[in-house]
Each structure stands twice: as C-alpha cells, then as structure tokens.
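These notes concern the structure reproduced below.
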Protein chains: 2
Amino acid sequence: MPRSAKKESNRDNLLNQGVSMLMRQGYHGTGLQEILDAVHIPKGSFYNYFESKEDFGAKVIQHYVDPFIIQLTTHLQQSGTDALGAIQRYFDELVAELEKNDFKGGCLLGNLMGEIGDTSPLCQQSLQMAVNRYRDLLQSGLAKAQQQGTVRTDKPAAGMADLLVNTWQGALLRAKIEKSSGPVRQCCQDLLGDFFRPHQAP
Amino acid sequence: MPRSAKKESNRDNLLNQGVSMLMRQGYHGTGLQEILDAVHIPKGSFYNYFESKEDFGAKVIQHYVDPFIIQLTTHLQQSGTDALGAIQRYFDELVAELEKNDFKGGCLLGNLMGEIGDTSPLCQQSLQMAVNRYRDLLQSGLAKAQQQGTVRTDKPAAGMADLLVNTWQGALLRAKIEKSSGPVRQCCQDLLGDFFRPHQAP
DNA sequence: TGGTTAAATATGACCAGTCGTTTTAATAAA
DNA sequence: TTTATTAAAACGACTGGTCATATTTAACCA
C-alpha cells in the first residue's frame, strides 16, 4: 500500500472513530489516547494528521454530516413527485437508527453545539457550516413540496427548514434522557404531519 | 455564624458557581478546582458538601431550574386573563437575557442533556425531573390559554408543551453558534404566534 | 540501472499540568 | 477528653502536546 494511501486511510479511521466517540462521550469527555488506541495509531502520529484536538474536532464535524446529506439527497431524488414523503421517510430512517442505538449518542451536531458551540471558534465555524448545509438541503426539499402542493406556501421554506432542524435537535435531546423515540416521532408528526400542511384542502 | 449555616452558605455558593460554569464550559470542561477557587473553598472540603462530581452535577441541575419555574409561575399568576400573553412575555424575558449574555451558555439542561444525558445515570435522572417540572408548568399555562380561547384545543396541551420545550432547546443551540437571537425569536413566533393559535378566527 | 543522500513521515518516550478522589492531620464542638 | 467536622496534602491516572530519533520515500548523480 502506498504511503499516501495509508495516511489517508489512517486519517479516515481517526475521523470515523472520532465521530462515534465524540457523539457518545462528548468533546472533553473523550481523550485522544482513547481514539488512537481504538484505531491502533500511536500517540505521536496524531499530530501528523491533525494540528490539534480542536482541529480534529472541527474535521470530525465536517466528516459527520456528509452521510446525512447523501441519505436525504437520495430520498429526495428517488421520490420525484412527493418531496414531503421523501423527507418523512428520511426521518423515519433516522428514528429507526436512533432506536437501534438505544437512544444513545443522538446527534453529534446538537451535542457539540451545546458543549463547545461557544468556546471553540474552530468547531463553532465547522458547526455553522455543517448545520447550514443540512438546513439548505431540507429547505430545497420543502420548497419542492410547496410546488407540489403538499406543504403550505404562506410560510417561507427557509423558516420551516430551520424550525424542523431545531425541533428535531431538541426532540433528540429529550429522546436521549427519556430513552424513548416518542419525542422525535412527535416532532415529525407535529411539523411534517400538521404544521407544514396547507390550511385548506385542495 | 453557626456552623450549619456556613455549611449551607458554602453549599449554595458552590451550586450557584456550578450553574454558571457548567452552563458555559460543560460538565467535563469544568474542573472542580476551578469552581472551588471561584468561591474560595479548599479542594479537600468539596466532599463534605457533595458525594462526588456526578452528584454535584445532579444537584446543580436541580438548583438551576428553580428560578425558571418561579419566573414563569409569576408571569402566569400576574396576567390572569391572558395565559398565552404571560408565556410570550416570559419567553421575551429569556430572549432578552440571552442577548445580554451575548448568546453564551444557553440552557444548562439542553447542554447537559447532550453532553452527559446518556452517560451519567444520576444526571440523567436529575435532567428528567427538571425538564418534566418545567414542561408540566408550561402545559398548565397552555391549558389555561386553551380555556381562554387563545390556543387551539384540537391538540393536547401536553404535546404542545413538549413541542415548545424541544423547539426552544434546539433554537437555543442554533442561537449559540450563530450568535443571534433570530432562532429563538422565530421559535416563539412560529409556535406561540402561529401553530398554537386556533384555526378559525373567533 | 544502482547507489547515495536529503527530505518527508512515523514513532514512542516524555513533558508539565490537571483530573477526581482519598487519606490524614488539625480544628472546633460537646 | 471525646467526637465530629474541616482542611490540607498527596494520590495515581490521565490530559493535550512536544520532540528527538527511527524509518521510509523520493530525487539525484554516477
């Protein structure tokens, strides 16, 4: 294996491990040693891949959000005539995975926004970008649903996307401490199934 | 000063300091030494007041929520004929304080739910109780508003209270990383000003 | 092509400092 | 004096980060 490929592989392993450990144990609750042990990379090598723990955290945040963008994009592309249904099915998948994980972890973005969102400038910027990417995609999906007549048009799609993201985050926190998917299911029902629907039947 | 009184005073100082430091820096991001220095209590004395850091965290959570309960209760009692208005004014005060603090900290409950909500059983239980107390009070306020005709009655007050709490938490996280009160203002507008309102004008 | 060297990368011992907690000694109350 | 409480020192483990050394790669000239 060429050297640069191994470096990339190591880097990727660190990021993947970082995602799962930072999500479950938090930023300050996770030591570098713990992550490095898990992927069998020596302590001294860490700083060949990342400038600092803070830099690593910022990169982990970016790395985290990619799969979600892909997942939601796929749903939106697959169901061309029913964007709202695509969004609903996407969130259903998230709920299922949350239940599979016994409500542990939740969302890395939400957890880190709370923990270091206003103490680490690097991570703050990374969180901003990640959340905005996600919100923008959701917004485009809701706009599509508006055109299709399944979502009310008297409110801007941007505002609804923000509301959906925020409520989802809050519901995830509740789900975490209640060990129940009730809050996140309620979130989807209240917003996608009620608030976002057009007032008048067509 | 009698001994027991001083002990209570020390205990209270530790809790107050704990609230502000845990809110700003998180649980694992705050050392006991830091808290003890701030209130001039020797390190060795800490375990006379609390069994462990985790126990301290759980007590801090309980201590945190009391003022909010009082504040909201006061608003609800003062404006007897307009419960919805009381809730709105209460949240307006929260927004104002958030702005005063430059969007730092946010909500201790939200931050700790994300950071240690599923790793510390003691704190998890304390978080559950604190959030439930708050949610229940909000629910009673919304139920009152329903009786007064200012809030829709086709949805249970309990569900709306949960939705409000969750959206507020998520909006606080967003406000924190965007350094803007936009998200929390939007939260109040969307829910209290729109979603919770009766469908038909009277 | 083969051999040499310089640059790039990987490594683990080690740093000073801090963590939460425990033990022990001093102090105050009874 | 006896008993209970407080405080100080010390504990081992661990923190993020550094650095000299070892190893590998690539560039060069013969």
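Numbered from 1 within each chain, the chains take letters A, B, ... in sequence-line order.
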If I take atom [atom1] in residue [X] and atom [atom2] in nucleotide [N], what distance separates them, rounded to the nearest angstrom?
X: B:Phe46; N: C:dC19; atom1: CZ; atom2: C1'; answer: 13 Å
X: A:Phe50; N: D:dT18; atom1: CZ; atom2: C1'; answer: 18 Å
X: B:Tyr49; N: D:dA7; atom1: OH; atom2: C1'; answer: 10 Å
X: B:Tyr27; N: C:dC19; atom1: OH; atom2: P; answer: 13 Å
X: A:Leu32; N: C:dG12; atom1: CG; atom2: P; answer: 16 Å
X: B:His28; N: D:dC14; atom1: NE2; atom2: P; answer: 14 Å
X: B:Leu36; N: C:dC19; atom1: CG; atom2: C1'; answer: 13 Å
X: B:Ile35; N: C:dC19; atom1: CD1; atom2: P; answer: 10 Å

Closest approach to the side chain of [X], judged atom by atom: which nucleotide of [options] is it?
X: A:Pro42; options: C:dG12, C:dG20, D:dA8; answer: C:dG12
X: A:Lys43; options: D:dA10, C:dA10, D:dG16; answer: D:dG16
X: A:Asn48; options: D:dT15, C:dT22, C:dA10; answer: C:dA10

> Are OP1 or OP2 of D:dT6 and a side-chain N or O of B:Ser45 less than 4.0 angstrom apart?
Replying inline: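 No, no such contact exists.
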> Do A:Lys53 and D:dG17 share a donor-acceptor pair, side chain to base, under 3.5 Å?
Replying inline: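 Absent.
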Salt bridge flag under 4.0 Å for residues [X] and [Y]:
X: A:Asp190; Y: B:Lys155; result: yes
X: B:Asp66; Y: B:Arg133; result: yes
X: B:Asp102; Y: B:Lys179; result: no

>> Once rounded to the nearest 0.5 Å, what's the spacing between atom CD of A:Gln88 and atom CG of A:Leu192?
In response: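 Result: 5.5 Å between the selected atoms.
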>> Can you confirm if the NZ or CZ of A:Arg185 lies within 45° of the ring axis of A:Phe91 and under 6.0 Å from the centre of its six-membered ring?
In response: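 No; the conditions do not both hold, so A:Arg185 does not lie above the ring face of A:Phe91.
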> Of A:Gly44 and A:Glu34, whose nearest nucleotide on DNA chain D comes first from the 5' end?
Replying inline: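 Checking each residue's closest nucleotide, the 5'-ward one belongs to A:Glu34.
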> NA contact type, B:Tyr47, heavy-atom cut-off 4.0 Å: base, sugar-phosphate, or nothing?
Replying inline: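 Contact class for B:Tyr47: base.
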